[in-house]
Structure formats: C-alpha cells, structure tokens
Amino acid sequence: MAGDQVTLLDLWASPFGMRVRIALAEKGVKYEYSEQDLRNKSALLLQMNPVHKKIPVLVHNGKPVCESLIIVQYIDEVWKDKAPLLPSDPYQRAQSRFWADFVDKKIYDIGRKIWTTKGEDLEAAKKDFIDCLKLLEGELGDKPYFGGDTIGYVDVALVPFYCWFYAYETIGNFNIEAECPKLIAYCKRCLQKESVSKSLQDPQKVCDFIVMLRKNLGVD
C-alpha cells in the first residue's frame with residue numbers, strides 16, 4: 001500500500017524478528033528497521049509494546065502490532081495482493097496455525113534449554129529437540145514447503161531457527177543433519193529464496209552471541 005509508514009523494532013539475532021523480515025520481503029513491503037537494545041529498552045519500544053516490552057514490534061502508520069506470529073498474520077491480511085502466506089481453506093489455515101504454534105512452544109523453548117542448561121538437563125533437551133524436529137519432518141513429508149509448492153506461514157515460523165541450529169550443535173555437541181537430513185535439506189531449500197537468505201543471520205555470529213549469553217547466565 002503506497003504511502004504506508006512501516007517500521008520494524010527488532011534485534012538482529014531474534015528468530016522472531018526474522019519471521020517478520022521474511023514476511024515483509026515476501027510481500028515486497030518497504031520498511032524502516034530499528035535495532036533495539038534489550039538491556040536498555042528504548043522509549044519507543046516501551047511505548048509501542050507496553051505489555052510485554054519485547055521485540056519484534058511492527059509499527060504500521062503509527063499503530064503497533066506485537067508478537068511475531070500475529071504480526072505475520074497481520075502482514076498477510078494487509079498486503080494480501082501478493083504471496084499469500086496462509087491458505088484460503090479454513091481447515092488448512094487451522095493446520096498451519098497449529099504447526100506454527102508448535103514451533104513457538106517446542107522449537108524455541110527446547111532450543112533455549114539446550115543453551116541454558118548442562119549435564120542431564122542438556123542431554124534431555126537435545127533428545128526432546130530432535131524428537132520435535134522429526135515430528136516436523138513427518139508433517140513436511142515430500143512437499144517442498146510446509147504449505148506445498150510455495151513458502152507459507154509455517155515456513156516463515158520455522159526457518160529462522162535454522163541459523164540458531166549451529167549454536168545448539170556447538171553447545172550440545174550433536175549433529176542435527178545426521179538425525180534429521182530431510183529437515184536440513186528443506187531449510188537449505190528455503191535459503192535459496194532471497195526473502196529468506198537476506199533475512200537470516202550468519203550462524204557463526206549467532207553462535208558467538210548465544211555463547212556470550214550462556215556465559216552471562218553462568219551456565220559454563
């Protein structure tokens with residue numbers, strides 16, 4: 001929509017922010033990017049997300065939309081003339097929302113346990129993480145993307161975590177591709193799309209960031 005003012009309040013390493021960046025890129029929406037320091041939250045962030053005080057926040061013509069999956073749905077509804085992310089069929093839409101919610105509840109939470117724990121807790125988190133990825137592999141099946149032939153809502157929810165996998169592997173001393181080759185092949189296929197490759201961060205840079213966070217937590 002011409003003349004729209006769109007700003008994304010974000011943090012470079014956030015997989016949740018990467019979701020929004022992919023969605024905006026898929027739709028061809030031009031926006032201003034505002035990097036946030038979560039240790040010293042800006043007045044703008046506190047004003048735009050007074051409830052959770054978290055990123056990402058999409059500010060569209062002065063009005064904030066919060067929570068990454070809600071933002072992606074909003075983008076899909078507002079800029080609906082190009083690259084639909086959610087299917088039109090109500091059942092398929094419900095399924096897409098289910099699996100995106102699964103990614104939110106499982107992939108992020110269990111991944112966090114990998115880099116915030118050690119010993120038996122870390123070993124348990126690694127097993128849970130692979131189990132969840134295998135469930136996603138089963139849902140993907142032989143489709144190019146979760147939504148079928150084109151990138152969609154579940155892909156936008158999941159693929160940003162790919163650039164965090166290297167950190168999980170480094171900290172947990174395991175190999176995701178050895179356990180879930182089909183899912184890693186899928187992630188690499190997604191990266192062939194410019195909307196994805198330009199939105200994701202370098203895995204080594206993300207790993208260095210997470211190792212620093214782990215040290216700050218005193219886990220090592």
Side-chain angles (χ1 to χ4, degrees), residues 10-23 25-26 38 55-56 68-69 72 99-147 151-217 219-220:
D10 199 1
L11 173 73
W12 69 271
S14 169
F16 303 105
M18 291 177 211
R19 290 171 169 175
V20 180
R21 286 175 246 167
I22 293 170
E26 277 290 302
L38 298 185
I55 53 89
S68 63
L69 290 179
V72 171
W99 285 107
D101 184 63
F102 177 86
V103 171
D104 254 16
K105 289 191 168 80
K106 294 290 189 179
I107 301 304
Y108 174 70
D109 287 352
I110 298 170
R112 182 178 169 78
K113 285 178 186 170
I114 290 172
W115 64 267
T116 58
T117 62
K118 56 185 177 181
E120 289 181 6
D121 290 340
L122 172 55
E123 292 306 311
K126 278 158 53 176
K127 182 182 181 304
D128 287 350
F129 191 73
I130 293 297
D131 287 347
C132 287
L133 291 184
K134 285 184 174 174
L135 280 171
L136 285 164
E137 271 194 333
E139 172 61 19
L140 178 65
D142 295 321
K143 302 189 296 285
Y145 304 103
F146 280 91
I151 199 165
Y153 185 61
V154 181
D155 308 298
V156 171
L158 174 61
V159 80
F161 288 97
Y162 177 64
C163 64
W164 281 57
F165 283 3
Y166 176 66
Y168 300 156
E169 291 174 322
T170 302
I171 291 163
N173 191 28
F174 68 123
N175 186 304
I176 294 170
E177 188 167 20
E179 301 278 356
C180 304
K182 187 184 281 188
L183 196 77
I184 296 302
Y186 150 82
C187 290
K188 289 176 179 174
R189 187 161 57 247
C190 289
L191 269 174
Q192 291 170 9
K193 291 188 67 70
E194 190 177 298
S195 59
V196 176
S197 63
K198 288 197 168 178
S199 300
L200 267 56
Q201 294 291 330
D202 174 55
Q204 182 63 61
K205 190 180 172 192
V206 172
C207 183
D208 293 344
F209 174 70
I210 296 172
V211 167
M212 180 193 70
L213 291 179
R214 187 173 163 85
K215 282 183 179 152
N216 289 346
L217 288 170
V219 179
D220 281 340

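Just so it is clear, the structure is predicted and the values come from calculations on it, not from any experiment.
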Gap between atom CG of D109 and atom SG of C132 - 0.5 Å precision: 10.0 Å
Straight-line distance of T170 OG1 to R214 CZ, nearest 0.5 Å: 11.0 Å
Value rounded to 0.5 Å, distance of CG in D104 from CG in L158: 11.0 Å
Audit row: D10, V20, side-chain contact (heavy atoms from CB on, under 4.5 Å) steps and yes/no: CA-CA 9 Å; D10 199 1; V20 180; 5.9 Å; no
Any side-chain donor near an acceptor of the partner, D208 and Q204, under 3.5 Å: yes
pair T116-D121: side-chain heavy atoms closer than 4.5 Å: no
Heavy-atom side-chain contact between F174 and Y168 under 4.5 Å: yes
pair V103-R19: side-chain heavy atoms closer than 4.5 Å: yes
For W99 against E139, the heavy-atom pair lying closest together: NE1-CD, 3.2 Å
Over 12 foreign heavy atoms within 6.0 Å of CG, D202: yes
V154 and F102, any side-chain heavy atoms less than 4.5 Å apart: no
Test item: F16 and I55 side chains (from C-beta on) under 4.5 Å apart, heavy atoms: no
Any side-chain heavy-atom pair of I184 and Y162 under 4.5 Å: yes
Reported NZ-to-CG distance for the pair K127 and L122, which is rounded to 0.5 angstrom: 14.5 Å
Verdict with supporting geometry, S197 and Q192, side-chain contact (heavy atoms from CB on, under 4.5 Å): CA-CA 7 Å; S197 63; Q192 291 170 9; over 6 Å; no
CZ-NZ distance between F129 and K134, expressed to the nearest 0.5 angstrom: 13.0 Å
Any donor-acceptor N/O pair, E26 side chain to S195 backbone, under 3.5 Å: no
Worked verdict on I22 versus L200 for side-chain contact (heavy atoms from CB on, under 4.5 Å): CA-CA 8 Å; I22 293 170; L200 267 56; 3.9 Å; yes
Q201 to W12 - nearest heavy-atom pair and separation: CG-O, 3.2 Å
Chi angles and distances behind the salt bridge (charged side-chain N to carboxylate O under 4.0 Å, His left out) call for D128, K106: CA-CA 9 Å; D128 287 350; K106 294 290 189 179; over 6 Å; no
Residue list, ring pair (Phe, Tyr, Trp, His ring centres under 6.0 Å) with Y166, at least two apart or on another chain: none
Side chains of E137 and P181 in contact at under 4.5 Å (non-hydrogen atoms): yes
Side-chain donor or acceptor of W164 paired with backbone N/O of A13 under 3.5 Å: yes
Derivation of the side-chain contact (heavy atoms from CB on, under 4.5 Å) call for L133 and E179: CA-CA 9 Å; L133 291 184; E179 301 278 356; over 6 Å; no
Separation between CZ of F165 and SG of C187, rounded to the nearest 0.5 Å: 5.0 Å
Heavy-atom side-chain proximity of E177 to K188 below 4.5 angstrom: yes
Taking every non-hydrogen atom, the tightest pair across A157 and A100: CB-CB, 3.9 Å
Residue pairs passing the ring pair (Phe, Tyr, Trp, His ring centres under 6.0 Å) test where at least one lies in residues 185-208, sequence neighbours excluded: F146-Y186
